[in-house]
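This is a predicted model, so every value here is computed, not measured.
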Amino acid sequence: VDFRASPARGGGAASLVVRVTNRTQHALRDASVSLGGHDARLGDVPPGGSAATDPKRKMGPFGYDGVSPEAEGTVSAGGSSVPVRLRLPASVMLSPVRGRTMEDVAAELAGGAWHSVSVRRSAAVGVDGAL
C-alpha cells in the first residue's frame, strides 16, 4: 500500500489517493480500502498489478491533529482484511509566506542563485584541556 497526499480544500487537512500493489502470484479479488470512515472499492487486482482510488475523488479529508497525524483503516480483498496506518506527510501543510505563490517558490528553487555560508569552530572551545 502506498499513497499520495495533497492539501484538502479548506486547509488543515490532507486528501489521499491510495494504491494497492499485488506482489503475490494470485489475483486479489474485490479489493477495497477503508480509511477513517472513507471507503473505496478497487476491484480485482491481478498478480504483479496495482489499483488505485480515483484521483478525482480523493479519500479524506484527514486532519492534522496531534503530533503525528495519520489515517487508520483496513485494506480488504477476498474476504480478508489487514489493518493499515498511513502517516500523513508534514510537507502537505507547507505553504509560501504571505504574498508569495508556489510558482515563486518553484522559480527560486529552480534558479542557480543559492547561497551557503559555513563557519568552522574549534571543538575545544570552552573546554579545559585538549581533546
- [ ] Flag yes if Val82 and Val20 sit in one hydrophobic cluster, no otherwise; membership is Ile, Leu, Val, Met, Phe, Trp, Tyr, and two members link when side-chain heavy atoms are under 4.5 Å apart.
- [x]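 Result: yes, single cluster for both.
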
Open item on the list: As an exercise, state the distance from OG1 of Thr53 to CZ of Arg41, rounded to the nearest 0.5 Å.
Closed with: 14.0 Å

Minimal non-hydrogen separation, [X] against [Y], with atom names:
X	Y	result
Pro61	His38	O-NE2, 4.0 Å
Met93	Gly12	CE-CA, 3.4 Å
Lys58	Ser6	NZ-OG, 3.0 Å
Asp44	Arg29	OD1-CA, 3.3 Å
Val45	Asn22	O-ND2, 3.1 Å
Ala52	Val17	CB-CG1, 4.4 Å

Look only at the side chain of [X] and the backbone of [Y], and say whether a donor-acceptor pair between them is shorter than 3.5 Å.
X	Y	answer
Thr74	Ser76	no
Asp30	Gly78	no
Ser34	Gly73	no
Asp104	Glu108	no

TODO: Verify the neighbour count for atom CD of Glu70: are there more than 12 heavy atoms of other residues, nucleotides or ligands below 6.0 Å?
DONE: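 Counting other residues, nucleotides and ligands, CD of Glu70 exceeds 12 neighbours.
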
Task: Flag side-chain contact, heavy atom, 4.5 Å: Leu88 against Leu16 - done: yes

TODO: State, yes or no, whether a side-chain contact exists between Phe62 and Leu86 at a heavy-atom distance under 4.5 Å.
DONE: no

